Each structure stands twice: as structure tokens, then as C-alpha cells.
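The model shown is predicted, which means the values in this text are computed figures rather than measured ones.
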Amino acid sequence: MQSVGVLICGYRQEDARTIKAFLDKTLDSYVIMVSASQKADMKIIDILRMGPEECFAEEETQLLMFLGFSEVQTHMVLEAFPEESGLKRPIFCSLTAQNQLWPLRELIEHLVEEHSHWTGKREG
């Protein structure tokens with residue numbers, strides 16, 4: 001089985017650990033977690049090159065980016081995300097050839113706008 005990972009942003013360390021435990025259990029696999037907290041001006045690809053770090057900070061927007069997930073694994077996580085444990089549901093996305101070159105701040109702005117559009121929380 002190929003390894004999978006997530007890029008995570010906007011969660012404090014305790015919540016990030018809860019998410020990691022959920023992912024490991026749900027996917028029956030060791031999931032690599034890369035923190036993007038406090039790296040808003042860095043490109044996604046550069047954050048991923050740095051690899052896992054224990055730097056987690058609560059931020060306004062929570063993001064979880066799937067890295068190497070199959071469609072089935074993605075659906076498993078989307079369906080079972082543990083909101084009942086008090087975790088705020090993140091905006092989910094996948095790594096693409098385009099967004100890996102974006103600064104994290106731009107990706108978050110794009111995803112927030114897209115999320116607002118699809119959930120009807122935008123004027124216009």
C-alpha cells in the first residue's frame with residue numbers, strides 16, 4: 001500500500017493529534033502529517049519539501065490537503081471526519097499540479113471563496 005499524507009493548517013497541536021489518530025485508524029495506515037501553520041507566504045511545494053514539523057497553531061481557517069489518497073480513502077475521511085469531538089471541519093482539498101506552486105495564503109483564499117460559493121454563503 002502506498003503511503004499517504006496530509007498537509008494540515010489552522011489547528012492547535014492537540015486537535016492535530018486527534019485528526020492524526022482519526023486518519024491512522026480510519027485508513028488503517030500510518031498517515032504522514034505536514035503542518036502548514038504559520039507558513040502563509042510559502043509555496044505549498046516548499047512546505048511539503050520541509051516535511052513534518054511539530055508547529056501547530058490555531059488559525060481562522062482550517063485546511064486539510066490530501067496527499068496521495070485514493071478516491072476511496074478520500075471519501076472515507078470526508079464521511080467520517082470526527083466533528084462530534086469538537087473539531088471544526090476543515091476545508092478539504094487535494095494537491096494538484098497547479099496549487100502546489102501557490103503560496104498557502106492564496107490557496108486558502110481561493111478555497112474559502114470556492115467553499116462560500118458552493119455552500120451558498122456568498123452574496124451575488
Side-chain touch Arg17/Gln13, heavy atoms, less than 4.5 angstrom: yes

Walk me through it: do Met33 and Phe56 pass the test side chain to side chain contact (heavy atoms under 4.5 Å, CB included)? CA-CA 11 Å; Met33 182 176 285; Phe56 296 96; 4.0 Å; yes

Rounded to the nearest 0.5 Å, what separates atom CD in Gln62 from atom CD1 in Ile19? 8.5 Å

Any chance you could measure Asp24, atom CG, to Ser29, atom OG, to the nearest 0.5 Å? 7.0 Å

Is any side-chain heavy atom of Leu63 closer than 4.5 Å to one of Pro90? no

Applying salt bridge (charged side-chain N to carboxylate O under 4.0 Å, His left out), can you list everything that pairs with Lys43, at least two apart in sequence or on another chain? none

Could you grab the distance from atom CG of Asp15 to atom NZ of Lys20, nearest 0.5 Å is fine? 15.5 Å

Is it true that the NZ or CZ of Lys88 lies under 6.0 Å from the centre of Tyr11's six-membered ring and within 45 degrees of the ring axis? no

In the structure I gave you, are the side-chain heavy atoms of Met65 and Leu67 within less than 4.5 Å of one another anywhere? yes

Could you go through the side chain to side chain contact (heavy atoms under 4.5 Å, CB included) check for Leu104 and Met42 one step at a time? CA-CA 6 Å; Leu104 176 62; Met42 289 182 66; 5.9 Å; no

Is a salt bridge present between Glu59 and Arg12, judged by a nitrogen-to-oxygen distance below 4.0 Å? no

I'd like to know whether Val77 forms a side chain to side chain contact (heavy atoms under 4.5 Å, CB included) with Val6, so could you lay out the CA-CA distance, the side-chain angles of the two residues, the decisive distance to 0.1 Å, and finally the verdict. CA-CA 11 Å; Val77 172; Val6 292; over 6 Å; no

Compare every heavy atom of Gly68 with every heavy atom of Val4, then report the nearest pair and how far apart it is. CG1-O, 3.2 Å

One should read off an interatomic distance between Ser94 OG and Gln100 CD, to the nearest 0.5 angstrom, of 12.5 Å

Please find the pair of heavy atoms, one from Pro52 and one from Val34, that lie closest to each other, and give the distance. N-CG2, 4.1 Å

Heavy-atom pair with the smallest gap, counting every atom of Ser37 and Gly10: OG-N, 3.7 Å

More than 12 foreign heavy atoms under 6.0 Å from CD of Glu71: is that the case here? no

Rounded to the nearest 0.5 Å, what's the gap from OG on Ser35 to CE on Met50? Could you check? 9.5 Å

Any idea how Trp102 and His110 line up, ring-wise: parallel (<30°), tilted (30 to 60°), or perpendicular (>60°)? perpendicular

Taking all atoms of both residues into account, what is the closest heavy-atom pair of Asn99 and Ile44, and its distance? O-CG1, 3.4 Å

Could you go through the side chain to side chain contact (heavy atoms under 4.5 Å, CB included) check for Phe92 and Leu78 one step at a time? CA-CA 8 Å; Phe92 294 98; Leu78 292 173; 3.3 Å; yes

Once you round to the nearest 0.5 Å, how far does CG of Leu107 lie from CD1 of Ile91? 9.0 Å

When you compare the side chain of Phe22 with that of Leu87, does any pair of heavy atoms fall below 4.5 Å? no

